[in-house]
Amino acid sequence: AGALKLADKCFETLGRLTCLEELALDGNALSGKGLTHLAGLTRLRRLELHFNPLQPESVDALAPLVGLSHLSLSVPVDDALLERCSRLPN
């Protein structure tokens, strides 16, 4: 679903697709504010969010995704972001 100009509102619908195992949303307009809607996707193993204007604090919303083993982001990396990522379950 790359370059479709999806916004954070799409996470409301995606969060209802509880069987999702992989999700690639590269090249959209996602700031990450809607990531909390993905909390119920316990089967999600892979999430790719390259080339989105994500806010680093949005990583915190991924903590409930206990099955997530692959996360791809394109955001500036600093100590605060690394600390947030280190608190993710996998």
Side-chain angles (χ1 to χ4, degrees):
L4 297 175
K5 298 184 182 176
L6 297 174
D8 287 285
K9 187 157 179 66
C10 78
F11 288 123
E12 292 177 28
T13 302
L14 292 170
R16 290 187 226 125
L17 303 174
T18 56
C19 291
L20 277 180
E21 293 182 7
E22 296 187 12
L23 183 58
L25 296 169
D26 300 336
N28 287 287
L30 305 170
S31 71
K33 292 179 182 174
L35 285 173
T36 56
H37 294 288
L38 301 184
L41 301 183
T42 56
R43 295 182 183 183
L44 192 66
R45 296 177 291 111
R46 182 181 195 94
L47 180 60
E48 298 181 7
L49 297 168
H50 289 286
F51 309 110
N52 283 288
L54 292 172
Q55 301 300 313
E57 60 272 8
S58 63
V59 171
D60 297 342
L62 302 176
L65 301 177
V66 295
L68 193 65
S69 60
H70 179 93
L71 175 63
S72 294
L73 304 170
S74 295
V75 296
V77 176
D78 60 13
D79 289 341
L81 178 63
L82 292 174
E83 172 62 29
R84 285 183 152 94
C85 289
S86 73
R87 291 190 299 244
L88 294 175
N90 289 328

| Atom pair OG/CG of Ser58 and Leu35 - distance to nearest 0.5 Å | 5.0 Å

| said: On a heavy-atom basis, which atom in Glu48 and which in His70 lie closest, and how many Å separate them? | reply: OE2-NE2, 4.0 Å

| request: Identify the heavy atoms of Val59 and Cys85 that sit nearest to each other, and give their distance. | output: CG1-SG, 3.9 Å

| query | Do Ser86 and Leu82 come close enough that some side-chain heavy atom pair is under 4.5 Å? | reply | no

| field | Non-hydrogen atoms of Pro53 and Asn28 that approach each other most closely | value | CD-O, 3.7 Å

| said: In the structure I gave you, are the side-chain heavy atoms of Leu71 and Leu65 within less than 4.5 Å of one another anywhere? | reply: no

| Which residue pairs satisfy the side chain to side chain donor-acceptor pair (under 3.5 Å) criterion with at least one member in residues 33-44, sequence neighbours excluded? | none

| task | Please report the shortest heavy-atom distance between Leu14 and Leu20, naming the atom on each side. | result | O-CD1, 4.1 Å

| Atom pair OG (Ser72) and CG (Asp26), whose distance is rounded to the nearest 0.5 Å | 7.5 Å

| field | Connected via hydrophobic side-chain network under 4.5 Å: Val66 and Leu41 | value | no

| query | Got more than 12 heavy atoms from elsewhere within 6.0 Å of CG, Asp78? | reply | yes

| said: Side chains of Leu68 and Arg46, heavy atoms from C-beta outward: is any pair under 4.5 Å? | reply: no

| query | How far does CG of Leu38 sit from CG of Leu47, to the nearest 0.5 angstrom? | reply | 7.0 Å

| query | Does Leu73 reach the side chain of Phe51, with side-chain heavy atoms less than 4.5 Å apart? | reply | no

| said: Any carboxylate oxygen within less than 4.0 angstrom of a Lys/Arg side-chain nitrogen, looking at Glu22 and Arg45? | reply: yes

| What pair of heavy atoms forms the shortest contact from Leu30 to Asn52, and how long is it? | N-OD1, 3.3 Å

| task | Rounded to the nearest 0.5 Å, what's the gap from CG on Leu49 to OG on Ser31? Could you check? | result | 11.0 Å

| task | Work out which heavy atom in Thr18 is nearest to a heavy atom in Gly15; give both atom names and the distance. | result | CG2-O, 4.3 Å

